[in-house]
Trainee: 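Below are the structure tokens for one structure; questions will follow.
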Amino acid sequence: MIIFHIDVNSAYLSWQAAYELENGSNRDLRTLPAIIGGDQTKRHGIVLAKSIPAKKQGIITGESLLEARLKCPGLLVIAPNYQLFAQCSEAMYELLLEYSPHVQRYSVDECFLDYTASQRLFGDPVETAHTIRNRIKEELGFTVNIGISSNKLLAKMGGELKKPDQVHTLFPAEIAAKMWPLPVGDLFMVGRATQKKLQRLNIQTIGELAKNDPSFLRLHFKSYGTLLWQYANGIDDSLVRESNFPAQKGIGNSTTISFDVNDRKEALLVLLSLTEKVGLRMRRKKALGQVVTISIKNFHLEKLSHQRRLTHPCQSTRGLYEVVETLFDEAWTGAPIRHLGVRVSDLTDQPFEQLSLFDTYDREKDATLDATMDKLRKRYGEKILIRGCFPHSGIKSIQGGVAENDDYPIMTSLL
DNA sequence: TCTGGGGTCCTAGGACCC
DNA sequence: TCTGGGGTCCTAGGACCC
């Protein structure tokens with residue numbers, strides 16, 4: 001197998017930079033201490049992407065804008081344009097499809113491409129990778145890293161080696177020289193918590209992890225230990241998956257509210273607007289859900305979740321919201337609320353909607369209402385219809401979701 | 001004006017069944 | 001009536017990814 005991993009360098013920032021240049025700007029954000037960041041007045045102020053000059057000032061993705069500005073006074077902060085990002089992502093995907101029908105969209109800015117069968121047509125993998133890298137730069141205006149190997153894990157690790165605008169191979173024979181000297185935190189699936197735990201066991205590099213006894217790792221990390229040992233040794237047999245297989249497991253939306261919510265009514269209004277969005281997405285995908293979960297983050301940033309399995313699969317906004325309301329009343333301690341979320345999981349396409357004698361509403365009427373609202377919203381925009389409870393509430397009638405494009409699932413932490 | 005939003009997977013403990 | 005014990009389902013929380 002020959003697998004490519006294609007990864008846009010500082011995606012959000014590069015895309016914004018390319019867009020500005022194309023529209024006659026004379027600055028290139030990539031050459032300035034600049035970041036893409038959320039709106040601080042809405043309490044969304046974190047770093048989403050950073051330029052290399054910003055990185056050199058010590059700025060980290062995910063940190064607050066306050067911290068970032070402290071490290072780098074005069075930092076240029078640009079708001080995210082998710083529509084632009086979706087378009088750039090799509091353009092790259094289309095270009096990649098010219099080289100193989102087997103392309104997996106791993107995230108908005110990362111793809112895996114199975115080059116195995118393409119080799120007869122396009123020849124040497126490294127040469128083709130350079131062609132792709134150059135074409136993306138010339139035709140789309142942004143740079144990528146491409147990692148090449150015999151499986152997805154190694155291709156992905158290879159792509160991380162040196163940035164930006166690079167092609168790297170990381171075949172099994174190169175693991176010892178290229179991957180093992182790296183700090184263990186650089187390994188895919190080793191996050192902050194695991195890195196700390198590994199360090200306590202005196203495991204500092206990927207090589208030290210690889211040479212450890214797998215049963216020792218299993219003792220400390222359970223099934224995760226086996227996975228870590230395999231990854232450190234470059235072992236991975238997952239396939240490049242096209243389309244959305246396996247099916248998506250859940251659909252959720254959440255939001256940080258720009259002010260702390262102390263009032264039950266107000267919290268429920270936010271939850272309704274989130275449920276509205278979740279319901280819309282469920283119906284668009286023709287999915288029904290069997291478990292509803294709400295999540296609450298309070299002003300102390302303490303998180304809590306509460307969930308319930310339904311008696312019948314459901315996709316109607318009203319049906320879902322009834323459960324959401326109950327869950328909220330059972331879970332809320334009264335602490336000021338910063339963030340609320342609604343998620344529906346255990347999805348199915350089987351609407352074995354047997355009529356329940358205890359239904360408090362008419363399911364059929366409800367489905368018709370949802371369908372009508374969905375249609376109008378699709379044609380005229382989401383704001384065309386607003387439930388009577390929202391006007392003058394200061395709360396958006398439908399919210400959640402960053403990108404409009406909902407056609408491909410983003411399968412994270414799963415190769 | 002401190003710390004987003006979208007996901008998946010694993011584990012532990014309790015309920016419940018035979 | 002002093003202690004079984006395996007299996008499954010459900011829920012909450014925490015790890016990871018981008």
Side-chain angles (χ1 to χ4, degrees), chain A residues 5 7-8 10-12 36-49 60-70 77 79-80 82 85-86 89 105-111 152-153 156 160 185 187-197 221-228 231 238 244 246-260 274 277-278 281 290-310 327 330-331 338-347 399-403 405-406 408-415:
Chain A
H5 176 257
D7 186 351
V8 181
S10 332
Y12 287 179
I36 303 297
D39 183 344
Q40 281 170 290
T41 64
K42 290 186 176 160
R43 308 203 292 189
H44 294 187
I46 63 155
V47 176
L48 298 163
I60 313 163
T61 302
E63 74 182 334
S64 72
L65 291 195
L66 208 76
E67 290 172 282
R69 281 199 234 263
L70 230 55
V77 180
Y82 291 106
F85 303 160
S89 173
R105 293 181 90 163
Y106 182 68
S107 75
V108 71
D109 69 326
E110 279 180 52
C111 290
K152 285 163 71 178
L153 184 270
K156 184 162 167 59
E160 305 279 316
L187 185 65
F188 180 67
M189 290 306 280
V190 176
R192 263 227 318 270
T194 305
Q195 184 180 9
K196 239 172 136 180
K197 229 171 131 183
F221 297 92
K222 304 280 167 70
S223 65
Y224 209 63
T226 311
L227 183 82
L228 293 180
Y231 282 179
S238 64
N244 36 11
Q248 194 170 357
K249 301 284 168 63
I251 293 176
N253 283 113
S254 64
T255 188
T256 293
I257 307 139
S258 49
F259 52 92
D260 282 344
L274 290 164
K277 184 79 177 197
V278 171
R281 294 175 63 201
Q290 310 188 79
V291 174
V292 176
T293 307
I294 63 153
S295 56
I296 303 173
K297 179 152 63 175
N298 68 22
F299 71 130
H300 280 132
L301 304 170
E302 294 160 339
K303 285 170 261 182
L304 148 177
S305 71
H306 193 36
Q307 71 182 54
R308 179 152 298 149
R309 175 161 288 272
L310 307 178
L327 288 169
E330 288 171 356
R338 179 187 179 87
H339 172 109
L340 286 166
V342 174
R343 158 162 293 272
V344 178
S345 56
D346 211 335
L347 302 185
Q399 62 180 327
V402 282
N405 189 347
D406 203 24
Y408 65 96
I410 294 176
M411 290 294 182
T412 54
S413 84
L414 176 71
L415 287 180

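The chains referred to below are lettered A, B, ... by the order of the sequence lines, with proteins before strands, and numbering in each begins at 1. Side chains are part of it too, since the values below use all heavy atoms of this structure and drop only hydrogens, waters and symmetry mates.
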Trainee: Suppose you measure atom C1' in dC16(B) against the same atom in dG4(C); what distance do you get, rounded to whole Å?
Mentor: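 The answer is 16 Å between these two C1' atoms.
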Trainee: Name the pairs: protein N/O against N/O of nucleotides 12-15 of chain B, kept only if under 3.5 Å.
Mentor:
from, atom 1, to, atom 2, distance (Å)
dA12(B), OP1, Lys222(A), NZ, 2.4

Trainee: When the distance from CG of Leu66(A) to P of dC2(B) is rounded to whole Å, what number comes out?
Mentor: 8 Å
Trainee: According to side chain to side chain donor-acceptor pair (under 3.5 Å), who are the partners of Arg43(A), at least two apart in sequence or on a separate chain?
Mentor: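 If we apply the side chain to side chain donor-acceptor pair (under 3.5 Å) test to Arg43(A), skipping adjacent residues, the hits are Asp260(A).
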Trainee: Closest approach to the side chain of Arg309(A), judged atom by atom: which nucleotide of dC17(C), dC10(C), dT11(B) is it?
Mentor: dC10(C)
Trainee: Touch check for Glu63(A), heavy atoms < 4.0 angstrom, all strands: base, sugar-phosphate only, or nothing?
Mentor: nothing
Trainee: Within the 4.0 Å heavy-atom criterion, would you say Gly250(A) contacts the bases, only the backbone, or no part of the nucleic acid?
Mentor: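 Gly250(A): backbone/sugar contact only, no base atoms under 4.0 Å.
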Trainee: Using five base pairs at each end, measure the axis-to-axis angle across the helix from dG5(B)-dC18(C) to dC18(B)-dG5(C) and round it to 10 degrees.
Mentor: 20°
Trainee: The criterion is ring-ring contact (aromatic ring centres under 6.0 Å, His included); which residues satisfy it with Phe85(A), sequence neighbours excluded?
Mentor: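 So Phe85(A) forms a ring-ring contact (aromatic ring centres under 6.0 Å, His included) with Tyr12(A), Trp15(A), Tyr82(A).
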Trainee: Residues in side chain to side chain donor-acceptor pair (under 3.5 Å) with Gln195(A), at least two apart?
Mentor: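 Counting only residues at least two positions away or on another chain, Gln195(A) forms no side chain to side chain donor-acceptor pair (under 3.5 Å).
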Trainee: Can you tell me whether the base of dC2(C) sits syn or anti, using the 90° cut around 0 to define syn?
Mentor: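 Anti conformation for dC2(C).
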Trainee: Determine the contact category for Val291(A): base if any of its heavy atoms lies under 4.0 Å from a base atom, sugar-phosphate if only primed atoms, P, OP1 or OP2 are that close, otherwise nothing.
Mentor: nothing
Trainee: Below 4.0 angstrom, which residues in residues 292-301 of chain A have at least one non-hydrogen atom near DNA chain C?
Mentor: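 Contacts with DNA chain C under 4.0 Å: none.
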